[in-house]
A.B. asks: 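Before I ask anything, here is the structure I am working with.
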Amino acid sequence: MEIDSLSNGNSTNAAPPPNISAAAAAATTATATTPFTKLTQLTEALKLEHQFLRVPFEHYKKTIRANHRAVEKEVTSVISGVADVADSNSFSKDDAVNHLTSLVSRLQGLKRKLEEGSRTEHLQVQKCRARLNHLESADAENLSEWNNTRLKRILVDYMLRMSYYDTAEKLAESSNMLDLVDIDVFQEAKKVIDALRVKEVSPALAWCADNKSRLKKSKSKFEFQLRLQEFIELVRAENNLRAITYARKYLAPWGATHMKELQRVMATLAFKSNTECTTYKVLFEPKQWDYLVDQFKQEFCRLYGMTLEPLLNIYLQAGLSALNTPYCYEDDCTKEDPLSQESFRKLALPLPYSKQHHSKLVCYITKELMDTENPPQVLPNGYVYSTKALAEMAKKTNGKITCPRTGLVCNYSDLVKAYIS
């Protein structure tokens, strides 16, 4: 950095005084360091946004595939109908005209479907573009605002996974970020989950049919589990003949890969639903439907490239991993420690203990680190606070110190300085 100085009679380009150069250099360094630190944090944060972009993109691809299949099916049917008329001599002129008229009506219906599908695809492309723009808008200048939006997105994701759909939608609408959350995707899952909870498998089987190729590629057993449960329900209703017919049609194709499970389920025809044999009794328990709901949620998340855990849990665990120590689970753990709460302890349970070589003292009042620059002071009752906090308190109360935890009042001169080794 160059600073123009006045001539002192010896040179017209004299060097600036050392103190000015040092101050300028410090200011430049401070200015550059802060944005750099923020940008580094932002770069690390963007690494976790994989799901944010992939979910709408997967939804877009799924819509394209569904529209393509519908077009192929209708066009093939229409071409086949025209060929039948052309090759057959049994059609009268009027019959041929009526047949072709019906084919034209089908093509007009296909056109309407294509227009509707095109609008849907356009909306999904807009959503993908909105998310790209949102990520590109993140910089050091608006990092606080961007992080606030991200927090709301994480909360909406958590609410949707916990089935609080209305609350999630209201938060997204009030924050004007409907394009940044996946409410429409989760509404699709809601129909299947609601049906499974009332012991209805038809919507789940339809979902499996719509995503058959993707599920097959991931070697999913979800459709097989649905078929098994439907068979069990027939056995529960003592409709054995229909159960056997169902097994021949829907379960037999799975025999090559799941024979042991099939044999176990088929044995329920002999043991009945009132059996006391643990091996077969568990198949008739209501919790089997809960397992299906959980399995569907897992398959749904895999299909759209979502994390199996809610994003809120992942972010919280990332922070808790730095706080997780054996002391956190002791009865005398301080209430200021997040891990003193049961909900946080459950999240931290699978995490390893934080490796900390040195203990850190944090002031209860200011929440600042106590070190050699801000040493700890001990009150007569044994509680420890930072010098900075106690000095500020003494200035306001004419040298009196009041312990914020016990209410003890003492003089500032009664404090004893503690040393950190």
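Each residue takes its place number in the sequence, starting with 1.
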A.B. asks: ring-ring contact (aromatic ring centres under 6.0 Å, His included), that's the test. Do Tyr246 and Phe231 meet it? Break it down for me.
C.D. replies: CA-CA 7 Å; Tyr246 182 90; Phe231 176 83; 7.0 Å; no
A.B. asks: How many angstroms lie between atom CG of Leu178 and atom CG of Asn176, to the nearest 0.5 angstrom?
C.D. replies: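 Those atoms lie 7.5 Å apart.
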A.B. asks: Is the charged tip of Lys367 near the ring of Tyr364: under 6.0 Å from the six-membered ring centre and within 45° of its axis?
C.D. replies: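 Yes, Lys367 sits over the ring of Tyr364.
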A.B. asks: Could you pull out all residues at least two apart from Lys199 that satisfy salt bridge (Lys or Arg N to Asp or Glu O under 4.0 Å)?
C.D. replies: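 By the salt bridge (Lys or Arg N to Asp or Glu O under 4.0 Å) rule, Lys199 matches no residue at all.
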A.B. asks: Would you mind reporting whether Leu135 and Leu53 have side-chain heavy atoms less than 4.5 Å apart?
C.D. replies: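 When only atoms from C-beta onward are counted, Leu135 and Leu53 do touch, with a gap below 4.5 Å.
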A.B. asks: Using atom types as modelled and distance alone, determine if a side-chain donor or acceptor of Thr76 lies under 3.5 Å from a backbone N or O of Lys73.
C.D. replies: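 Not confirmed, Thr76 side chain does not pair with Lys73 backbone.
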A.B. asks: Show your working on side-chain contact (heavy atoms from CB on, under 4.5 Å) between Arg405 and Asn381 and close with a plain yes or no.
C.D. replies: CA-CA 10 Å; Arg405 300 189 205 182; Asn381 61 0; over 6 Å; no
A.B. asks: Between Glu72 and His68, is the side-chain contact (heavy atoms from CB on, under 4.5 Å) condition met? List the steps.
C.D. replies: CA-CA 6 Å; Glu72 279 191 333; His68 182 68; 3.2 Å; yes
A.B. asks: Take Ser386 and Ile365 through the side-chain contact (heavy atoms from CB on, under 4.5 Å) test and state the conclusion after the steps.
C.D. replies: CA-CA 8 Å; Ser386 68; Ile365 300 174; over 6 Å; no
A.B. asks: So do the side chains of Tyr158 and Ile154 get within less than 4.5 Å of each other, counting heavy atoms only?
C.D. replies: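 Contact flag for Tyr158/Ile154 side chains = no.
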A.B. asks: Among all residues two or more places apart in sequence or in another chain, which pass the side-chain contact (heavy atoms from CB on, under 4.5 Å) test with Glu115?
C.D. replies: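 Residues passing side-chain contact (heavy atoms from CB on, under 4.5 Å) with Glu115: Lys111, Arg119.
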A.B. asks: Assess the side chains of Glu309 and Thr307: does a donor N or O sit below 3.5 Å from an acceptor N or O?
C.D. replies: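 Short answer, no.
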A.B. asks: For Lys287, give me all partners under salt bridge (Lys or Arg N to Asp or Glu O under 4.0 Å), at least two apart in sequence or on another chain.
C.D. replies: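 Listed in chain order: Glu285.
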A.B. asks: Working to the nearest 0.5 angstrom, can you tell me the gap between Met266 CE and Leu228 CG?
C.D. replies: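 One gets 10.5 Å once the value is rounded to the nearest 0.5 Å.
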A.B. asks: Are Thr268 and Thr275 close enough that some pair of their side-chain heavy atoms sits under 4.5 Å apart?
C.D. replies: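 Heavy-atom side-chain distance check fails, nothing below 4.5 Å.
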A.B. asks: Mind running side-chain contact (heavy atoms from CB on, under 4.5 Å) on Ser202 and Leu205 for me, showing each step along the way?
C.D. replies: CA-CA 5 Å; Ser202 298; Leu205 289 172; 5.6 Å; no
A.B. asks: Is there a side-chain contact between Ile401 and Tyr385, using heavy atoms and a 4.5 Å cut-off?
C.D. replies: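 Sidechains of Tyr385 and Ile401: no contact.
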A.B. asks: Which atom pairs, donor and acceptor, lie under 3.5 Å between side-chain atoms of residues 180-189 and protein residues at least two apart or in another chain?
C.D. replies:
residue : atom : partner : partner atom : Å
Asp182  : OD1  : Arg131  : NH1          : 3.1
Asp182  : OD1  : Arg131  : NH2          : 2.7
Asp184  : OD1  : Lys127  : NZ           : 3.3
Asp184  : OD2  : Lys127  : NZ           : 3.4
Glu188  : OE1  : Tyr304  : OH           : 3.0
Glu188  : OE2  : Lys62   : NZ           : 2.5
Glu188  : OE2  : Trp207  : NE1          : 3.2

A.B. asks: Is it true that a side-chain atom of Thr245 and a backbone atom of Leu241 form a donor plus acceptor pair closer than 3.5 Å?
C.D. replies: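 Yes, the answer is positive, given that a donor and an acceptor are paired below the 3.5 Å cut-off.
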A.B. asks: Could you measure the distance from the CG atom of Leu283 to the OG1 atom of Thr278? Nearest 0.5 Å is fine.
C.D. replies: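 With rounding to 0.5 Å, CG (Leu283) is 11.0 Å from OG1 (Thr278).
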A.B. asks: What I want to check is whether the side chains of Arg150 and Asn147 have a donor and an acceptor closer together than 3.5 Å.
C.D. replies: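 There is such a pair between these side chains.
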A.B. asks: CG/Leu316 to CG/Leu312 distance, rounded to the nearest 0.5 angstrom?
C.D. replies: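 These two atoms lie 4.5 Å from each other.
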A.B. asks: Using the test side-chain hydrogen bond (donor to acceptor under 3.5 Å, both in side chains), find all partners of Asp414 that sit at least two apart in sequence or belong to another chain.
C.D. replies: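 Result, side-chain hydrogen bond (donor to acceptor under 3.5 Å, both in side chains) vs Asp414: none returned.
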A.B. asks: Considering only heavy atoms from C-beta outward, does the side chain of Asn133 approach that of Arg129 to under 4.5 Å?
C.D. replies: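 Side-chain contact under 4.5 Å: yes.
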A.B. asks: Looking only at side-chain N and O atoms, does Glu121 offer a donor or acceptor that is under 3.5 Å from a partner on Thr63?
C.D. replies: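 Looking only at side-chain atoms, Glu121 and Thr63 do not form any donor-acceptor pair under 3.5 Å.
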A.B. asks: Is it true that the NZ or CZ of Arg236 lies under 6.0 Å from the centre of Phe284's six-membered ring and within 45 degrees of the ring axis?
C.D. replies: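 No.
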A.B. asks: Identify the heavy atoms of Phe344 and Pro338 that sit nearest to each other, and give their distance.
C.D. replies: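 Taking every non-hydrogen atom into account, CD1-O, 3.2 Å.
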A.B. asks: Keeping the roles fixed (side chain from Ser137, backbone from His134), state whether a donor-acceptor pair exists under 3.5 Å.
C.D. replies: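 Indeed, once roles are kept as given, a pair shorter than 3.5 Å links the two residues.
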A.B. asks: I'd like to know if Asp157 pairs up with Arg161 as an ion pair, taking the criterion as any Lys NZ or Arg NE/NH1/NH2 lying under 4.0 Å from an Asp or Glu carboxylate oxygen.
C.D. replies: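 Salt bridge between Asp157 and Arg161, a charged N being under 4.0 Å from a carboxylate O: yes.
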A.B. asks: Give me the atom names and distance for the closest heavy-atom approach of Val384 to Pro376.
C.D. replies: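 The pair with the smallest heavy-atom distance is CG1-CB, 3.4 Å.
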A.B. asks: What residue pairs, at least two apart or across chains, pass salt bridge (charged side-chain N to carboxylate O under 4.0 Å, His left out) with a residue in residues 256-280?
C.D. replies: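 The answer is Lys221-Glu261, Glu276-Lys281.
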A.B. asks: Tell me, please, which residues at least two apart from Glu223 pass side-chain hydrogen bond (donor to acceptor under 3.5 Å, both in side chains).
C.D. replies: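 side-chain hydrogen bond (donor to acceptor under 3.5 Å, both in side chains) check on Glu223 returns nothing, list empty.
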A.B. asks: Going by salt bridge (Lys or Arg N to Asp or Glu O under 4.0 Å), name the residues that satisfy it together with Arg106, two or more places apart in sequence or in a different chain.
C.D. replies: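 Checked Arg106 against salt bridge (Lys or Arg N to Asp or Glu O under 4.0 Å); matches are Glu74.
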A.B. asks: Sequence neighbours left out, what passes side-chain contact (heavy atoms from CB on, under 4.5 Å) with Ser321? Give chain and number order.
C.D. replies: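 Ser321: side-chain contact (heavy atoms from CB on, under 4.5 Å) contacts with Leu351.
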A.B. asks: Should the pair Glu230-Arg227 be classified as a salt bridge under the 4.0 Å nitrogen-to-oxygen rule?
C.D. replies: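 Yes, Glu230 and Arg227 are salt-bridged.
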A.B. asks: One thing to verify: whether Arg214 and Glu58 come together as a salt bridge, which I'm taking to mean a side-chain N less than 4.0 angstrom from a carboxylate O.
C.D. replies: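 Looking at Glu58 and Arg214, the cut-off is met.
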A.B. asks: Applying the side chain to side chain donor-acceptor pair (under 3.5 Å) criterion to Asp194, which one of Arg197, Lys190, Lys191 satisfies it?
C.D. replies: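 Running side chain to side chain donor-acceptor pair (under 3.5 Å) over Arg197, Lys190, Lys191 with Asp194 returns exactly one hit, Lys190.
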A.B. asks: Would you check if Thr397 and Thr402 make a side-chain contact, meaning some heavy-atom pair closer than 4.5 Å?
C.D. replies: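 No, side chains not in contact.
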A.B. asks: Would you tell me whether Tyr412 and Asn398 have side-chain atoms, one donor and one acceptor, within less than 3.5 Å of each other?
C.D. replies: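 Side chains of Tyr412 and Asn398: no pair found under 3.5 Å.
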A.B. asks: Do the non-hydrogen side-chain atoms of Val416 and Leu379 ever get within less than 4.5 Å of each other?
C.D. replies: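 SC-SC contact between Val416 and Leu379 ruled out.
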A.B. asks: List the atom pairs, donor and acceptor, that lie under 3.5 Å between side-chain atoms in residues 291-300 and the rest of the protein, sequence neighbours left out.
C.D. replies:
residue : atom : partner : partner atom : Å
Glu299  : OE1  : Ser220  : OG           : 3.4
Glu299  : OE2  : Ser220  : OG           : 3.2

A.B. asks: Taking ring-ring contact (aromatic ring centres under 6.0 Å, His included) as the definition, give me every residue that meets it alongside Tyr164, ordered by chain and number, with sequence neighbours left out.
C.D. replies: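 Expected list: none.
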A.B. asks: Sort and list the pairs that fulfil salt bridge (charged side-chain N to carboxylate O under 4.0 Å, His left out) and have at least one residue in residues 369-393, not counting sequence neighbours.
C.D. replies: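 Listed by first then second residue: Glu368-Lys388.
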A.B. asks: Is the backbone of Cys403 close enough, under 3.5 Å, to the side chain of Thr406 for a donor and an acceptor to pair up by distance?
C.D. replies: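 No, because the side chain of Thr406 does not come within donor-acceptor range (under 3.5 Å) of the backbone of Cys403.
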A.B. asks: Please check this pair: side chain of Arg153 against backbone of Phe52, looking for a donor-acceptor N/O pair closer than 3.5 Å.
C.D. replies: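 No, Arg153 side chain to Phe52 backbone: no donor-acceptor pair under 3.5 Å.
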A.B. asks: Indicate whether any N or O donor in one side chain lies under 3.5 Å from an N or O acceptor in the other, for Asn374 and Thr387.
C.D. replies: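 No donor-acceptor contact under 3.5 Å links the two side chains.
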A.B. asks: CG/Leu390 to NZ/Lys395 distance, rounded to the nearest 0.5 angstrom?
C.D. replies: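 Taking CG in Leu390 and NZ in Lys395, the distance rounds to 12.5 Å.
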A.B. asks: Using a 3.5 Å distance criterion without hydrogens, assess whether the side chain of Ser118 forms a donor-acceptor pair with backbone atoms of Leu114.
C.D. replies: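 Side chain of Ser118 to backbone of Leu114, a donor-acceptor pair under 3.5 Å: no, none is there.
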A.B. asks: Taking side chain as C-beta onward, heavy atoms only, is Leu369 less than 4.5 Å from Leu361?
C.D. replies: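 Counting from C-beta outward, Leu369 and Leu361 never come under 4.5 Å.
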